[in-house]
Amino acid sequence: MPARVLVVGAVNVDMVVRAPRLPGPGETVVGPGVERFGGGKGANAAVAAARAGAEVRYVGAVGADDVGSGAVAELRAEGIDVGAVAVLDDVPTGVALIVVDAAGENQIAVGGGANMAVDPEAVRSAVAGSAGWAGCVLVSTEIPEEAVAAAVETAAARGIRCVVNPAPVLPVIGRLLRHGPVLTPNTTEIRDLAALLPDGDAGGSVEERATALARRTNAEVVVTLGGEGALVVDPGGGVEHVPAHPAPAVRDTTGAGDTFNGVLAAGLAAGETVPRAVRRAVVAAALSVAESGARGGMPHAPRIEDELAGSERRGG
């Protein structure tokens, strides 16, 4: 079946400074220059899904400024349908300020701008209008809580598979668990998600927390483990560790998680099982860190398939 993904989330412009190390509290570090890239977790994931071969529609908001028009043009150039991206007169386009150290690790501060004005009713309409078209709705949480709720609730009502990247973890997610989204937290976010359960923090380990959440959602929970790959926990308590794929180089890890989510959503939209889609997403995320910027290293489908096939031949 064709892979068709509707992405709901933030559109930012990333301003990146490379420095010898990440700054501590109250500390100033100096890098040689400033780079500008397209960003926003949702927009980045949309690019990753499109490069992985999916048809992608995007729902979000930008300001009526040059930054916003440039951000939308970049998405359009990737083949993404941006018809549902609102252009707002009274707020600026979102901006992320990123410091990347010599090892490729990063710190990020985000000014939400227009992302904080994404309209829940517009989201609801876009998701409802994609019923029968989209195989997956991917939701990024750098937007208002009620916009996140509108996306998840409408996807569930229309029978569309939904993936939620809980970065950041919003309180509203607690009430959305019953709608059965596939959650994709990292190891910090899984702790915060588990704290939303009625009985509080569900155990101490990543597996215990993921199992408690999977039982609540009756859907898989996929925990990203960075350089250790990913963990897939199903509602029955089954656990599968998908090992990391060797990264050809590590220049910038900024978009690795977004790449993972976009490729995962593309795989699920194409009818793949969660573990199979996760294996492809792990490969794509490893390839993505070799270039600067969240999107610079995001691989296209042929590269992903070649690397995945090679990994499977090696038994990885």
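The first residue in the sequence is number 1, and the count goes up from there.
- For Glu228, the CD atom sits in a loose shell: 12 or fewer heavy atoms of surrounding residues, nucleotides or ligands are nearer than 6.0 Å.
- No continuous path of ILVMFWY side-chain contacts below 4.5 Å connects Leu22 to Val100, so the two sit in separate hydrophobic clusters.
- Applying the salt bridge (charged side-chain N to carboxylate O under 4.0 Å, His left out) criterion to Arg57, with sequence neighbours excluded, gives no partner residue.
- Residue Arg18 places its CZ atom among more than 12 non-hydrogen atoms of other residues, nucleotides or ligands, all under 6.0 Å distant.
- Here the closest heavy-atom approach between residue Glu189 and residue Ala167 is recorded as OE2-CB, 3.2 Å.
- Between atom CD1 of residue Ile143 and atom OG1 of residue Thr141 there is a gap of 8.0 Å, rounded to the nearest 0.5 Å.
- Residues Val221 and Ile190 form a side-chain contact, since some pair of their non-hydrogen atoms from C-beta on lies under 4.5 Å apart.
- There is no path of hydrophobic side-chain contacts, each under 4.5 Å, that joins Val8 to Val110.
- Partner Asn261 forms a side chain to side chain donor-acceptor pair (under 3.5 Å) with one of Asn44, Thr224, Thr184 and no other, that one being Thr184.
- Ala46 pairs by the side-chain contact (heavy atoms from CB on, under 4.5 Å) definition with Val7, Val56, Tyr58, Ile80, not counting sequence neighbours.
- Side-chain contact between Arg21 and Val29 is present, with at least one heavy-atom pair separated by less than 4.5 Å.
- Nearest heavy atom pair, residue Ala149 against residue Arg175, reads CB-NH2, 3.4 Å.
- Val17 is not connected to Phe37 by any chain of hydrophobic side-chain contacts under 4.5 Å among Ile, Leu, Val, Met, Phe, Trp and Tyr, and they are in different clusters.
- Within the model, atoms CG of Asp258 and CG of Asn165 stand 7.0 Å from one another, a figure rounded to the nearest 0.5 Å.
- Closest non-hydrogen pair, Asp14 versus Ala96, comes out as OD1-CB, 3.3 Å.
- Annotation: the span from Arg191 atom CZ to Arg209 atom CZ amounts to 7.0 Å, rounded to 0.5 Å.
- Contact check for Thr259 versus Pro299: side-chain heavy atoms found under the 4.5 Å cut-off.
- The two residues Ala219 and Gly180 come nearest to each other via the heavy atoms CB-O, 3.5 Å.
- The distance from atom CZ of Arg216 to atom CG of Leu193, rounded to the nearest 0.5 Å, is 13.0 Å.
- Looking at Glu74 and Arg295, a side-chain N of the basic residue comes within less than 4.0 Å of a carboxylate O on the acidic one, giving a salt bridge.
- In the hydrophobic clustering, Met116 connects to no other residue, as no ILVMFWY side-chain heavy atoms lie under 4.5 Å from its own.
- Taking 4.5 Å as the limit, some side-chain heavy atom of Leu183 sits within range of a side-chain heavy atom of Leu177.
- With rounding to the nearest 0.5 Å, the separation of CG in Asn218 from CZ in Arg178 is 14.0 Å.
- Partner of Arg279 under the salt bridge (charged side-chain N to carboxylate O under 4.0 Å, His left out) criterion, out of Glu307, Glu240, Glu305: Glu240 alone.
- From Arg124, atom CZ reaches atom OG1 of Thr154 across 4.5 Å, with rounding to the nearest 0.5 Å.
- A heavy-atom distance below 4.5 Å is not found between the side chains of Cys162 and Ile160.
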* Asked: Passes side-chain contact (heavy atoms from CB on, under 4.5 Å), Val283 versus Leu287? Steps please.
  -> CA-CA 6 Å; Val283 169; Leu287 296 174; 4.2 Å; yes
* Asked: After noting the C-alpha distance and the side-chain angles of Arg161 and Glu220, does the key distance pass the salt bridge (Lys or Arg N to Asp or Glu O under 4.0 Å) rule?
  -> CA-CA 12 Å; Arg161 193 77 174 269; Glu220 290 86 351; 3.7 Å; yes
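- Both Val242 and Val163 sit in one connected hydrophobic cluster of ILVMFWY residues. Membership requires side-chain heavy atoms under 4.5 Å apart, directly or through other members.
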* To do: Assess whether side-chain contact (heavy atoms from CB on, under 4.5 Å) is satisfied between Asp101 and Val99, documenting all intermediate values.
  => CA-CA 7 Å; Asp101 71 11; Val99 180; over 6 Å; no
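- Test Leu268, Leu264, Thr273 against Val278 for side-chain contact (heavy atoms from CB on, under 4.5 Å) and you get one pass: Leu264.
- You'll find the side chain of Val11 stays beyond 4.5 Å of the side chain of Val72, heavy atoms only.
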* To do: Evaluate the criterion side-chain contact (heavy atoms from CB on, under 4.5 Å) for residue pair Leu176 and Val164; output intermediate values, then yes/no.
  => CA-CA 10 Å; Leu176 300 175; Val164 175; over 6 Å; no
* Could you give me the CA-CA distance, side-chain angles and deciding distance for Val127 and Arg158, then say whether side-chain contact (heavy atoms from CB on, under 4.5 Å) is met? => CA-CA 8 Å; Val127 176; Arg158 298 296 176 130; 5.5 Å; no
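- Residues Val5 and Val82 fall within the same hydrophobic cluster, defined by Ile, Leu, Val, Met, Phe, Trp and Tyr side chains chained together at heavy-atom separations under 4.5 Å.
- Across every non-hydrogen atom of Val282 and Pro243, the tightest pair is CG1-O, 3.4 Å.
- Using a 4.5 Å cut-off on side-chain heavy atoms (C-beta onward), Pro235 and Thr217 make no contact.
- The closest donor-acceptor contact from the side chain of Glu208 to the backbone of Gly204 lies under 3.5 Å.
- By the 4.5 Å heavy-atom criterion applied to side chains, Asn115 and Glu142 are not counted as neighbours.
- Annotation for Val263 and Ala48: closest pair CG2-O, 4.0 Å, computed over non-hydrogen atoms.
- At distances below 3.5 Å, not a single donor-acceptor pair connects side-chain atoms of Ser125 with backbone N or O atoms of Glu121.
- A donor-acceptor pair under 3.5 Å is absent between the side-chain atoms of Asn106 and the main chain of Ile98, judged by distance alone.
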